[in-house]
Amino acid sequence: MMRGFRLEVERRIREALEKMECADIELPIEIPPDAAMGDLAVPCFLLSKNLRKPPQKIAEELAAAVRKGEPVERIEVKGPYVNFFIDLEKLKADVLKEALDKREKYGSLEKKNIRILVEHTSANPTGPLHVGRARNPLIGDSIVRILRMAGYDVTSEFYVNDVGKQVVTLAYGVQNLQPEGEADRERDDYRLVLNYQAASRLMEEDPSVLDEINGMLYDLEHGDEKTIMIVRESCEKILNAIIGSLREINITIDQFTWESKFIQERKVAEIIDRLKKSPMCKQEEDGAYALDLGSYGIHGKETDFIFTRKDGTSLYTSRDLAYHLDKFGRCDIAIDVLGEDQKLGQMQLSAALDIIGEKRRAEYIFYAFVSLPEGRMSTRKGTVVYLDDLLDEALSRAMTEVKKRREDLSEERMRRIAKVVSVGAVRYNIVRIQAEKQIVFKWEDALNFEGNSAPFVQYSHARACSILKKGLEEGTDWKDYDPAKLVKKQELDLVKAIASLPMIVDDCAESRKAHPMAQYALELATLFNQFYQFVPVLRADEAERKARLALVEAARWALGNSLSSLGIEAPDEM
RNA sequence: GGGCGAGUGGCCUAGUCCGGAUAUGGCACCGGCCUCCUAAGCCGGCGGUCCUGGGUUCGAAUCCCAGCUCGCCCGCCA
């Protein structure tokens, strides 16, 4: 509804500008700093240059030229601004009706029939997920959910690296080494990472081990069944454990594409042949092939993009090229969620796509890493916080909080609340920050249950549910509610916020950003809490009670759906 | 050395694409609110050279130039 209003105001401004013979000018539409000033505002500074009149005067002329009538309730000129007020009576009626009808679908947009493939996580299956890269699944999954809400057909995909040196090193370690020390957890990812670490160390110390690993890599790329099997087996074990960790934070991935597939199907070899035919291709002295990408603006110490090793085996980006071509064939829009360390590689990939005459490109969501106050997380140095540990700690703290507040509940119900709260807190805390900003991990922030946090929003939802439940018990309902009975500031502000959800979904989907949704959920919850504080529902007279109950029900869906778009569950009680 | 990104009260953060009305919230701190729908809440207070310096503009957190700080990258790793 706010979305419709914005579109309508845009259209009318365009019409008015045509009348004023300024059709070539596009005026910005913004939200005034204070709601009392209007719901949308159009500043007229831009026009003053063309018409050579003061913006105040133009604002008056523009306001006069704009078509009136629904859904615009009135237009006010305030200095250089033309302020638009939405027809609140209609808004109230529309919002309540739509939210109450659509329920868990409220906020979802019409189907677009566009297929989007979102690749995210794609962690090397060499060990457990750690917080340093946890933004990838969390941002990725939130974007998947938001895009779905916006009407896209979305598939999430995990690209499994079962080809490169890392995984061969892992397989070597699993085959040949018996690492000392105990795994942090009795799970394959924690157990096998020890083999991987041991093999990595050994490889650095002992050149013969390196030779053997390189030999395995060569065999792997030349389709040696046994080697493929060995590597795949350890990868699968770790991958399954990673999938388990992801499930704990409400993330499921639709499909997995194994990197080895592109080697087996000879797609990588085809790409390499095509690249070799490029005039930019050159062979290094020892036999490796490279592209000189200086003409693509890729500079540095070394402008060469090496795409085969000296023994002819492929490198990651060459395989990624085959993967991207494959992806383009399976969707209309491909989105890659990647760490910022991948930027150069993807620029090289883009250049290589151009060289082979491919026009399509992936869209990227790059994120900065989560580091520790002491610096970067490193598995080797042992300076890591595993996602599982963060989740466990969050759960235990959430349980303490629940016990403190709700000793009336059964152990089982407390546990369920603690689980939902802890997962929400972790997800929200990471996704609320724009992706390109680096995050320094601090326990007290990650486990914050107050203020700008998921539990804050979840709590509002629980309060709404509590009112509705009590209302039901008292035998009241909102049948034949009259939206006109909502007149208090807290009620109107809440209505407007609920009405904004579809617009926020649209904005987040089109900008491929999840953090504004977190911001919105917080604002909505704040407004609900204010309403809760100052406007009685069940104790109000019948007409007000019905209208307010309807509003609470609408708010409950808006809160729940904004949370669910971030993969966070909304509990009925807390 | 080069490329990319970030820099907003003590701490975290929105706004930056597309310049516009007193810069958004949270944490912390101080004060107030539970005989009334859950106080994980609400109300009030404190706190800002929007990294620095130039420039463009009627107007700059936002655009341009230069510099500083931090992160990431510049592997025949992935």
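Here is how names work: the chains are called A, B, and so on, in the same order as the sequence lines, proteins then strands, and each is numbered from 1.
One C1' atom belongs to B:C34, the other to B:C29, and the distance between them is 23 Å to the nearest Å. If you take atom C1' in B:U62 and the same atom in B:A6, they sit 15 Å apart, rounded to whole Å. Here the separation of B:G5 from B:C77, taken at their P atoms, is 28 Å to the nearest Å.
When the side-chain nitrogen and oxygen atoms of A:R463 are compared with OP1 and OP2 of B:C42, none of them lie within a distance under 4.0 Å. Contact check, A:H461 against B:A40: no side-chain N or O comes under 4.0 Å of OP1 or OP2. Contact check, A:R405 against B:C34: no side-chain N or O comes under 4.0 Å of OP1 or OP2. At B:C77, one or more side-chain N or O atoms of A:R309 fall inside 4.0 Å of OP1 or OP2 (strictly under the cut-off). Dashed line: the shortest gap from a side-chain N or O of A:Q458 to OP1 or OP2 of B:A40 is not under 4.0 Å.
Following rounding to the nearest Å, A:D336 (CG) and B:A78 (C1') show an atom-to-atom distance of 14 Å. Rounded to whole angstrom, the span from the CG atom of A:L315 across to the P atom of B:C77 amounts to 6 Å. Regarding A:Y316, its OH atom lies at a distance of 15 Å from the C1' atom of B:C73, rounded to whole Å. If you take CG of A:D320 and C1' of B:C77, they are 14 Å apart, rounded to a whole angstrom. The nearest whole Å value for the distance from the CG atom in A:L472 to the P atom in B:C37 is 18 Å. Between the NZ atom of A:K513 and the C1' atom of B:U16 there is a distance of 10 Å, rounded to whole Å. Spacing between atom CG of A:N161 and atom C1' of B:C77 amounts to 10 Å, rounded to whole angstrom units. When rounded to the nearest whole Å, the span between CG of A:L293 and P of B:C73 equals 20 Å.
In a base pair of the Watson-Crick type (N1 to N3 plus N6-O4 or O6-N4) or a G-U wobble (N1-O2 and O6-N3), with each distance short of 3.5 Å, B:G19 is matched with no nucleotide. Shown here, B:C50 forms no base pair; nothing in the strands shown gives a Watson-Crick or G-U wobble contact with both key distances under 3.5 Å. Partner assigned to B:G59 is none, using Watson-Crick or G-U wobble distances below 3.5 angstrom. Summarising the base pairing, B:C4 is matched to B:G71 through a Watson-Crick or G-U wobble pair whose two defining distances lie under 3.5 Å. Across all strands shown, B:G44 pairs with B:C30; the Watson-Crick or G-U wobble distances both stay below 3.5 Å. For B:U24, there is no paired nucleotide, since no Watson-Crick or G-U wobble pair has both relevant distances below 3.5 Å.
Looking at A:S500, its side chain never comes within 3.5 Å of a backbone N or O of A:M503 through a donor-acceptor pair. With hydrogens and angles disregarded, no donor-acceptor distance shorter than 3.5 Å links the side chain of A:D507 to the backbone of A:E510.
Take the nearest nucleotide of RNA chain B for A:F45 and for A:Q519: the residue whose nucleotide is more 5' is A:Q519.
With A:F366 as the aromatic partner, A:K343 meets the cation-pi criteria of under 6.0 angstrom to the ring centre and within 45 degrees of the ring axis.
A:I31 CD1: 12 or fewer foreign heavy atoms inside a 6.0 Å radius. More than 12 heavy atoms of other shown residues, nucleotides or ligands fall within 6.0 angstrom of atom NZ in A:K276. Residue A:Y364 qualifies as enclosed at atom OH: its count of foreign heavy atoms under 6.0 Å is above 12.
Residue contacts for A:V421: at a heavy-atom cut-off of 4.0 Å it reaches a base atom on one of the strands shown. Counting non-hydrogen atoms under 4.0 angstrom, A:A368 reaches nothing in the nucleic acid. Within 4.0 Å (heavy atoms only), A:F534 reaches sugar-phosphate atoms of the nucleic acid but no base atom. Note on A:N83: a base of the nucleic acid sits closer than 4.0 angstrom, heavy atoms only. Nucleic acid contact class of A:L522 (heavy atoms, under 4.0 Å, all strands): sugar-phosphate only. Residue contacts for A:V42: at a heavy-atom cut-off of 4.0 Å it reaches no nucleic acid atom on any strand shown. Across all strands, A:K165 comes closer than 4.0 Å only to sugar-phosphate atoms, never to a base (heavy-atom distances). Counting any heavy atom pair closer than 4.0 Å across all strands shown, A:E444 reaches no nucleic acid atom. Counting any heavy atom pair closer than 4.0 Å across all strands shown, A:F449 reaches a base atom. Counting non-hydrogen atoms under 4.0 angstrom, A:E450 reaches the backbone sugars and phosphates but no base. Among the heavy atoms of the strands lying under 4.0 Å from A:V402 is at least one base atom, whether or not backbone atoms are also near. Counting non-hydrogen atoms under 4.0 angstrom, A:P536 reaches a base of the nucleic acid. Looking at heavy-atom distances under 4.0 Å, A:R376 makes contact with sugar-phosphate atoms alone, never a base. Backbone-only engagement by A:G164 is indicated by non-hydrogen atom pairs under 4.0 Å involving sugar-phosphate atoms exclusively.
In this structure the side chain of A:K261 never reaches within 4.5 angstrom of the side chain of A:Y323, judged on heavy atoms.
Checking B:G41, B:A78, B:G15 against every side-chain atom of A:F456, the shortest atom distance belongs to B:G41. Distances from the side chain of A:I417 to the nucleotides B:A14, B:C43, B:A40 place B:A40 closest. Checking B:C37, B:A78, B:A21 against every side-chain atom of A:K78, the shortest atom distance belongs to B:A21.
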query = What one-letter contact string describes nucleotides 3-12 of chain B from 5' to 3', where B marks a base within less than 4.0 Å of any protein heavy atom, S marks contact via sugar-phosphate atoms alone, and - marks no contact?
reply = -SSSSB---S

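A salt bridge does not link A:K57 to A:E60: none of the charged nitrogens lies less than 4.0 Å from a carboxylate oxygen.
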key: Working for side chain to side chain donor-acceptor pair (under 3.5 Å), residues A:E450 and A:S453   = CA-CA 6 Å; A:E450 290 171 6; A:S453 71; over 6 Å; no

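The base of B:A40 does not come close enough to the side chain of A:N529 for any donor and acceptor atom to sit less than 3.5 Å apart.
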